[in-house]
Each structure stands twice: as structure tokens, then as C-alpha cells.
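Before any comments, here is the structure.
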Amino acid sequence: MKSFALLAFVAVAGISIRCWCYAPLVYGEWSLQTLYVSLLDAWYGSSTDEKAYALWIDDDSTEGVYHVRRIADAAGIKPCFAVVADGMTVQVSDSLAAWQRQGRADIVLHGLRHERWNDWSDAQITLDIRQSRERLHQQGFDTASIMHIIAPPHGSNTRTIRKVISQHGCQMITGASLVNPDRHVFQLGRIAITPHADTTAMRRLLERAFCRRAFVIFATHSSIPGSFSEEKTLHVLTMAKEIGFNFHLNE
């Protein structure tokens with residue numbers, strides 16, 4: 001019995017050390033998704049990228065996109081929008097489609113109507129993805145240039161969702177609050193920038209991530225005023241750029 005307990009302790013310690021050393025750098029509250037995705041990333045190992053990369057994704061595509069545009073122009077960073085295909089006003093969809101075609105913004109899918117996918121079947125999720133693309137095409141988006149990343153609505157993450165997204169040849173944004181080993185893992189975590197973000201702690205996290213050539217995805221919700229700060233977002237993104245993160249993922 002003592003031998004089993006010792007082996008179990010060694011195993012847990014080994015996994016914990018691997019998580020800490022190789023994969024995610026956790027920021028904020030732990031969650032089941034963070035734990036699950038971090039273990040997968042730890043098993044994946046250290047970065048295979050030659051430099052540290054970053055991406056900024058703003059969710060839900062309401063009038064808050066114009067705040068995002070101001071920050072992006074001030075920081076010199078191209079934003080990425082997780083769009084709700086059938087949830088945009090004409091003004092917002094026209095603006096986003098124009099920015100995408102001008103090379104000033106990237107787009108990822110975030111559901112047709114932002115419905116929860118947790119209890120959906122393969123067929124329902126597949127249909128939602130297809131209809132999202134069709135709706136974006138109708139609104140003037142270049143659907144051939146949409147990034148191969150899907151952000152399931154409400155941070156949904158089930159075996160069925162993972163299977164369908166994998167079958168579409170895409171990566172998936174999870175609800176996990178962590179830094180990714182590099183750009184190539186299937187399940188991607190994000191670091192939220194909120195009005196209450198501790199910029200000192202964020203700098204420590206980013207410096208460590210940069211040294212490991214990790215992939216940081218920043219998350220904002222400009223559609224929720226109480227969860228979004230234009231000043232804090234600009235500060236964090238500028239800090240990441242000054243540290244040396246490359247926001248051009250294709251390089």
C-alpha cells in the first residue's frame with residue numbers, strides 16, 4: 001500500500017512538473033478546461049516555433065468592434081474577430097468584411113447565432129458551421145480567407161465538438177485560461193484582458209512565455225462593456241509587442 005501511494009505521488013509530481021515546465025502558463029482561475037487542456041499541452045511538449053507568437057481575438061462582433069479598431073490602429077496590431085454570423089448589424093458586418101478584405105482584420109467562426117453546442121449532435125454542429133460560412137459569404141466576407149480556427153460559442157468543449165472541428169481541419173478555441181506551447185496544438189487556450197487585469201502579473205507571464213517561444217492568444221469581449229477596457233487592452237497589447245511577440249502568424 002505504501003509503495004502504491006509513493007508511486008502515485010511520484011506520478012502526480014511528474015505530471016505537475018511537466019505541466020509547469022513545458023506547456024501552459026496559467027493566468028487567473030483554474031477551471032476543468034484549463035486543467036484538461038494543460039495536461040494535453042504538457043504531453044505535447046515544448047515549442048517547435050522559432051519565435052514567440054501572439055494573436056488577439058475579440059468575441060461576439062457588436063458595436064464594440066469600433067473600440068477594437070481604435071486599439072488595433074494605435075498598437076499597430078491586426079485584430080481577429082470571432083463573429084456571430086447571424087448576429088451582426090449591417091453596419092458591423094460591412095465594416096468587418098471591409099477590414100478583412102483590406103488585410104486589417106482576421107475572422108474566425110463563433111457560431112451562427114451563438115447557441116450552446118454542448119448537447120448538439122455531429123450533424124447539428126456541422127450544419128451550424130456550414131450555415132455560418134454561408135451567412136458570412138452573403139454579407140460580403142471572403143470565406144476562403146477565414147482563419148482555420150473555430151471558437152465554439154460559450155466555450156463549449158465536448159468530444160463531439162472536438163471531433164467535428166477536427167474533421168473540418170481546424171483548431172479550436174477552448175475556455176481554458178492558459179498559454180499554448182506553440183501555434184500547432186489542436187485545442188487553444190486564451191488569456192483574458194479585462195478591466196481588472198493585473199498588468200504586473202501579466203508582464204511576468206508574458207516574459208516567461210516569450211522565453212519559451214510560446215503562443216499567446218489574448219481574449220477580449222468588447223461586446224460586454226463591463227468586461228472590456230480600451231485603456232487596459234491597449235496597455236497589455238503594447239506591452240506584448242514591446243516584449244517581442246510576433247503578431248504575424250504566417251511568418
Side-chain angles (χ1 to χ4, degrees), residues 49-114 117 125-153 156 161-162 164-174 180 182-190 215-223 233 237 240-241 245-251:
D49 281 330
E50 295 181 355
K51 58 183 75 172
Y53 287 89
L55 176 67
W56 171 27
I57 301 179
D58 183 73
D59 283 17
D60 300 347
S61 53
T62 66
E63 282 71 15
V65 300
Y66 300 107
H67 295 290
V68 171
R69 179 77 271 157
R70 284 197 296 271
I71 297 168
D73 291 343
I77 292 171
K78 181 162 71 169
C80 179
F81 295 94
V83 298
V84 179
D86 205 27
M88 293 179 278
T89 64
V90 173
Q91 181 183 16
V92 167
S93 64
D94 284 351
S95 296
L96 292 180
W99 298 342
Q100 184 209 23
R101 291 183 176 278
Q102 294 162 3
R104 300 173 66 206
D106 285 318
I107 303 295
V108 301
L109 299 181
H110 194 39
L112 181 66
R113 299 188 181 91
H114 206 253
W117 290 358
I125 298 168
T126 299
L127 178 62
D128 194 276
I129 292 172
R130 178 173 63 78
Q131 290 180 331
S132 294
R133 289 184 179 276
E134 290 173 351
R135 182 72 182 114
L136 291 178
H137 179 72
Q138 293 168 0
Q139 293 168 315
F141 287 86
D142 179 3
T143 51
S145 298
I146 290 176
M147 294 185 74
H148 292 286
I149 296 174
I150 294 176
S156 303
I161 293 169
R162 296 192 295 272
V164 172
I165 291 176
S166 178
Q167 288 173 342
H168 279 79
C170 294
Q171 293 166 288
M172 129 180 213
I173 295 292
T174 72
N180 308 288
D182 58 29
R183 296 169 295 165
H184 311 295
V185 291
F186 171 64
Q187 296 193 77
L188 299 164
R190 290 193 283 181
F215 177 35
V216 178
I217 301 179
F218 295 105
T220 56
H221 280 81
S222 64
S223 61
T233 302
L237 293 173
K241 194 173 179 181
F245 281 91
N246 190 334
F247 282 82
H248 303 283
L249 298 191
N250 295 326
E251 292 184 0

Reported [atom1]-to-[atom2] distance for the pair [X] and [Y], which is rounded to 0.5 angstrom:
X	Y	atom1	atom2	result
Arg135	Met88	CZ	CE	7.5 Å
Phe218	Thr233	CZ	OG1	10.0 Å
Ser156	Arg162	OG	CZ	11.5 Å
Asn180	Ile173	CG	CD1	7.5 Å
Phe81	Thr220	CZ	OG1	8.0 Å
Asp94	Phe141	CG	CZ	8.5 Å

Criterion side-chain contact (heavy atoms from CB on, under 4.5 Å) on Leu237 and Phe247, from CA distance to verdict
CA-CA 10 Å; Leu237 293 173; Phe247 282 82; 4.3 Å; yes
From CA spacing to verdict: side-chain contact (heavy atoms from CB on, under 4.5 Å), Met172, Ile150
CA-CA 5 Å; Met172 129 180 213; Ile150 294 176; 5.6 Å; no
Contact between [X] and [Y] at the side-chain level, heavy atoms closer than 4.5 Å - yes or no?
X	Y	answer
Phe215	Val185	no
Ile71	Ser222	no
Arg104	Asp73	yes
Asp58	Pro79	no
Arg183	Gln171	no
Arg190	Leu55	no

Steps toward side-chain contact (heavy atoms from CB on, under 4.5 Å) verdict (Val84, His110)
CA-CA 5 Å; Val84 179; His110 194 39; 4.0 Å; yes
Counting only heavy atoms not in [X] (residues, nucleotides, ligands), do more than 12 fall under 6.0 Å from its [atom1]?
X	atom1	answer
His221	NE2	yes
Gln102	CD	yes
His148	NE2	no

For [X] against [Y], the heavy-atom pair lying closest together:
X	Y	value
Gly111	Ser132	C-OG, 3.3 Å
Cys80	Val108	SG-CG1, 3.6 Å
Cys170	Phe186	O-CE1, 3.2 Å
Arg69	Ala105	NH1-CB, 4.4 Å

Checking side chain to side chain contact (heavy atoms under 4.5 Å, CB included) between Leu136 and each of Arg133, Gln139, Gln138, which is the one that passes?
Gln139
How far apart are the C-alpha atoms of Val92 and Thr62, what are their side-chain angles, what is the distance that settles it, and do they pass the side-chain contact (heavy atoms from CB on, under 4.5 Å) test?
CA-CA 7 Å; Val92 167; Thr62 66; 5.8 Å; no
Can you list the residues that meet the side-chain contact (heavy atoms from CB on, under 4.5 Å) rule with Arg130, with sequence neighbours excluded?
Leu127, Glu134
Is the backbone of [Y] close enough, under 3.5 Å, to the side chain of [X] for a donor and an acceptor to pair up by distance?
X	Y	value
Asp86	Arg113	no
Lys51	Asn246	no
Gln100	Asp142	yes

Results of salt bridge (charged side-chain N to carboxylate O under 4.0 Å, His left out) for Asp60 - residues two or more places apart only:
none
